[in-house]
S.K.: 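Questions regarding the structure given below will be posed in turn.
Model, not experiment: these values are computed from the prediction.
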Protein chains: 2
Amino acid sequence: MKKESMLSQTEENYLKEIYALQEGNQWAVSTNSIAEKMQTKASSVTDMLQKLSNKGLVDYTKYRGSRLSGKGNDKAISIVRKHRLWETFLVEKLNFLWDEVHDIAEQLEHIKSEKLIKKLEAYLGSPKFDPHGHPIPNGNGEITKVNRVSLAEFRIEEVGIFVGVKDSSDSFLKYLSKNKIAIGDTLKLLYIEPFDNSFLIYTNSRQFVISENVAKNLYLKSE
Amino acid sequence: MKKESMLSQTEENYLKEIYALQEGNQWAVSTNSIAEKMQTKASSVTDMLQKLSNKGLVDYTKYRGSRLSGKGNDKAISIVRKHRLWETFLVEKLNFLWDEVHDIAEQLEHIKSEKLIKKLEAYLGSPKFDPHGHPIPNGNGEITKVNRVSLAEFRIEEVGIFVGVKDSSDSFLKYLSKNKIAIGDTLKLLYIEPFDNSFLIYTNSRQFVISENVAKNLYLKSE
DNA sequence: ACATTTTTTTAGGTTAATCTAAAAATAAAT
DNA sequence: ATTTATTTTTAGATTAACCTAAAAAAATGT
């Protein structure tokens with residue numbers, strides 16, 4: 001094993017978080033936003049950014065924020081890959097519910113063995129998406145792009161298939177389970193209430209009101 | 001989760017090592033022997049013993065050595081259980097060879113989730129032995145006792161089935177693989193050479209000379 | 001443009017797990 | 001029974017990852 005390139009769990013967690021924060025936009029990630037997500041103080045984040053910067057994993061400019069370097073990006077993707085493969089394993093093979101697997105996968109994603117993850121992937125049949133509908137990067141860090149759009153951007157009467165969540169927080173997943181909305185369901189947007197921007201949708205032979213916030217967190221594939 | 005009773009990986013490793021060192025005999029484990037196995041210095045071990053002793057996991061008397069307390073023993077067994085279940089998973093499900101799984105299981109054994117290990121066990125069909133023939137403790141910490149004896153204690157002409165290794169070091173496992181000795185094989189002790197205590201055995205339609213050291217590390221079930 | 005607020009960094013400490021070197025206790029050897 | 005050797009512990013440092021409080025830089029408001 002190349003010990004020099006071995007990252008601590010903490011370093012890996014920072015990379016993963018910066019990756020999540022910078023994905024989509026191309027602006028530098030602020031120190032505070034990292035601190036908030038990691039539940040630490042900004043001063044701790046600064047320390048870590050300096051360290052990751054020295055290791056060439058992050059491009060960091062004092063007071064100006066950070067972006068992952070190419071190397072840092074590769075590393076982050078490999079962690080995301082592990083996380084999502086493990087989540088898939090937990091749900092598909094061990095019969096966990098999709099709202100139970102996050103914390104366990106947070107631990108499993110740090111297990112160090114390329115061979116393990118290769119074999120796990122093969123065992124699962126090289127899945128392209130995890131139980132929350134998130135794409136699983138392949139061994140080369142390539143991510144299947146999928147045409148999906150948040151329900152919040154739908155037009156009235158538009159129909160789509162629910163393919164994934166944006167934020168996979170425990171509480172949101174539990175909300176969906178409780179309300180029997182599952183990946184694969186067909187949804188139709190019936191009406192948006194102007195007063196509070198709540199969405200009236202039709203799915204599984206019933207009508208249903210959801211908040212704008214919920215709508216934003218549902219990814220659909222338009223038909 | 002009961003955070004107070006949460007142990008660090010390092011603490012868990014110490015408990016596991018003390019467990020291994022004290023099993024069989026009833027004497028206190030010396031600080032130096034722990035240091036040797038853990039690849040650290042005796043002074044570091046002393047520090048840790050004091051900490052574990054304060055937590056009630058180890059009975060430690062200055063200069064006199066240590067034993068696991070009841071609580072420490074339970075914890076150690078639960079780690080051994082996890083280790084062996086994961087090894088079984090790696091070999092049975094992911095098709096690893098038995099000499100490739102140790103390091104990965106060393107990492108996996110520290111994953112914290114009772115539910116995970118319960119589900120993993122069920123998924124594997126509640127195996128009683130791991131790929132090296134070591135018994136897997138059940139959820140209550142009970143260990144299947146098996147009548148097995150080291151080949152070194154066999155009499156001439158005695159026949160037995162190879163059911164497990166004593167020491168499962170990488171090098172020993174690789175030696176066995178290379179020489180096509182696998183769990184389940186029937187072995188017969190033909191002769192012990194008085195000069196160097198080497199053992200002449202018969203297995204898989206061939207004769208074979210092994211050192212005394214190898215003989216000591218093979219567990220057989222006498223027929 | 002300047003004062004105020006917010007963000008970020010620095011300076012200096014803390015804790016867990018390690019280390020080295022020295023001191024203390026135990027064990028072994030004559 | 002002393003001396004010598006070995007084992008174990010203590011004392012004092014180090015490192016990674018965190019913290020608080022203060023200083024510095026950037027952003028904002030008037």
Side-chain angles (χ1 to χ4, degrees), chain A residues 3-18 21-22 25 27-68 72 75-76 79 106-107 109-110 112, chain B residues 3-18 21-22 25 27-68 72 75-76 79 106-107 109-110 112:
Chain A
K3 279 259 173 67
E4 358 102 21
S5 74
M6 272 269 208
L7 300 180
S8 70
Q9 292 203 185
T10 310
E11 290 171 316
E12 291 192 348
N13 283 334
Y14 272 94
L15 292 179
K16 189 172 53 131
E17 202 53 60
I18 297 169
L21 287 167
Q22 77 175 30
N25 62 63
W27 308 294
V29 172
S30 80
T31 300
N32 258 0
S33 65
I34 300 171
E36 198 185 327
K37 287 279 183 182
M38 306 275 302
Q39 312 247 67
T40 51
K41 298 298 152 126
S43 54
S44 308
V45 175
T46 301
D47 280 356
M48 183 56 83
L49 289 174
Q50 289 168 345
K51 192 208 274 194
L52 294 174
S53 175
N54 286 335
K55 292 195 178 189
L57 295 160
V58 161
D59 295 326
Y60 162 71
T61 326
K62 260 191 182 190
Y63 294 106
R64 293 269 94 121
S66 315
R67 299 277 305 172
L68 293 178
K75 189 68 212 173
I79 300 161
E106 290 278 289
Q107 300 179 62
E109 73 193 4
H110 300 296
K112 271 145 184 93
Chain B
K3 278 259 172 67
E4 359 101 23
S5 73
M6 273 270 209
L7 300 181
S8 71
Q9 292 203 183
T10 310
E11 289 171 317
E12 290 192 349
N13 284 334
Y14 272 94
L15 292 179
K16 191 172 53 129
E17 201 52 60
I18 298 169
L21 286 167
Q22 76 175 30
N25 62 62
W27 309 295
V29 172
S30 79
T31 300
N32 257 358
S33 65
I34 299 171
E36 199 185 326
K37 288 278 183 182
M38 305 275 302
Q39 312 248 69
T40 51
K41 299 296 152 125
S43 54
S44 309
V45 175
T46 300
D47 280 357
M48 183 54 84
L49 289 174
Q50 288 168 343
K51 194 210 271 195
L52 294 174
S53 174
N54 286 336
K55 291 194 177 188
L57 295 161
V58 161
D59 295 328
Y60 161 71
T61 327
K62 258 191 182 189
Y63 294 105
R64 293 271 92 122
S66 314
R67 301 276 305 173
L68 293 177
K75 190 68 212 172
I79 300 160
E106 289 279 291
Q107 299 178 62
E109 74 193 3
H110 300 295
K112 273 150 184 90

S.K.: Whole Å only: how far is the CG atom of N54(B) from the P atom of dA16(C)?
M.R.: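 To the nearest whole Å, that distance equals 12 Å.
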
S.K.: State, yes or no, whether a side-chain contact exists between L49(B) and Y14(B) at a heavy-atom distance under 4.5 Å.
M.R.: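 L49(B) vs Y14(B): side chains apart.
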
S.K.: OP1 or OP2 of dT9(D) versus the side-chain N and O atoms of R64(B): is any pair under 4.0 Å?
M.R.: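 False: R64(B) side-chain N/O out of range (4.0 Å or more) of dT9(D) OP1/OP2.
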
S.K.: Ignoring backbone atoms, test whether K41(B) places a side-chain nitrogen or oxygen under 4.0 Å from the OP1 or OP2 oxygen of dT20(C).
M.R.: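 So the side chain of K41(B) is within the cut-off, an N or O lying under 4.0 Å from OP1 or OP2 of dT20(C).
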
S.K.: Rounded off to whole Å, could you give me the CD-to-P distance for the Q39(B) and dT18(C) pair?
M.R.: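 Atom CD in Q39(B) sits about 12 Å away from atom P in dT18(C).
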
S.K.: Using the test salt bridge (Lys or Arg N to Asp or Glu O under 4.0 Å), find all partners of E106(A) that sit at least two apart in sequence or belong to another chain.
M.R.: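 Checked E106(A) against salt bridge (Lys or Arg N to Asp or Glu O under 4.0 Å); matches are K16(A).
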
S.K.: Can you tell which of I34(A), N13(A), V45(A), L57(A) makes a side chain to side chain contact (heavy atoms under 4.5 Å, CB included) with I18(A)?
M.R.: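 Per the side chain to side chain contact (heavy atoms under 4.5 Å, CB included) rule, the option paired with I18(A) is I34(A), out of I34(A), N13(A), V45(A), L57(A).
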
S.K.: Within this structure, what is the CE-to-C1' distance between M38(B) and dT18(C), rounded to whole angstrom?
M.R.: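 Atom CE in M38(B) sits about 11 Å away from atom C1' in dT18(C).
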
S.K.: Produce the list of close N/O pairs, under 3.5 Å, pairing protein atoms with atoms of nucleotides 10-12 of chain D; give distances to one decimal.
M.R.:
| from | atom 1 | to | atom 2 | distance (Å) |
| --- | --- | --- | --- | --- |
| dT10(D) | OP1 | K62(B) | NZ | 2.7 |
| dT10(D) | OP2 | Q50(B) | NE2 | 2.5 |

S.K.: Name all residues meeting the side-chain hydrogen bond (donor to acceptor under 3.5 Å, both in side chains) criterion together with E12(B); count only those two or more places apart in sequence or in a different chain, and write none if there are none.
M.R.: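 Partners of E12(B) under the side-chain hydrogen bond (donor to acceptor under 3.5 Å, both in side chains) test: H110(B), K112(B).
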
S.K.: Using salt bridge (Lys or Arg N to Asp or Glu O under 4.0 Å) as the criterion, list what pairs up with E11(B), not counting sequence neighbours.
M.R.: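 For E11(B) the salt bridge (Lys or Arg N to Asp or Glu O under 4.0 Å) partners, ignoring immediate neighbours, are K51(B), K55(B).
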
S.K.: For D59(A), check side chain to side chain contact (heavy atoms under 4.5 Å, CB included) against everything at least two apart and list the hits.
M.R.: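 With neighbours one apart ignored, the set is S69(A).
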
S.K.: Whole angstroms only, please: what is the NZ-C1' distance between K55(A) and dA16(D)?
M.R.: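 From K55(A) NZ to dA16(D) C1': 10 Å.
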
S.K.: If I take atom OH in residue Y14(B) and atom C1' in nucleotide dA16(C), what distance separates them, rounded to the nearest angstrom?
M.R.: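 Atom-to-atom, Y14(B) to dA16(C), this comes out as 11 Å.
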
S.K.: What pairs with S53(B) under side chain to side chain contact (heavy atoms under 4.5 Å, CB included), at least two apart in sequence or on another chain?
M.R.: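 S53(B) satisfies side chain to side chain contact (heavy atoms under 4.5 Å, CB included) with Y60(B) once adjacent residues are dropped.
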
S.K.: Within residues 27-35 of chain B, find the residues that approach DNA chain C with a heavy atom at under 4.0 Å, and present them sorted by residue number.
M.R.: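 Listed by number, there are none.
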
S.K.: Nearest whole angstrom, please: distance from the C1' of dT15(D) to the CE of M48(A).
M.R.: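 Atom-to-atom, M48(A) to dT15(D), this comes out as 12 Å.
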
S.K.: Can you name the side chain to side chain contact (heavy atoms under 4.5 Å, CB included) partners of S43(B), sequence neighbours left out?
M.R.: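 Listed in chain order: K41(B).
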
S.K.: If the condition is side chain to side chain contact (heavy atoms under 4.5 Å, CB included), which residues does S30(B) pass it with, not counting sequence neighbours?
M.R.: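 So S30(B) forms a side chain to side chain contact (heavy atoms under 4.5 Å, CB included) with N32(B), S33(B).
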
S.K.: Within this structure, what is the CD-to-P distance between E12(A) and dA16(D), rounded to whole angstrom?
M.R.: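 E12(A) atom CD is separated from dA16(D) atom P by 16 Å.
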
S.K.: How long is the line joining CG of L52(A) and P of dA16(D), in whole Å?
M.R.: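 Rounded to the whole Å, the gap is 12 Å.
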
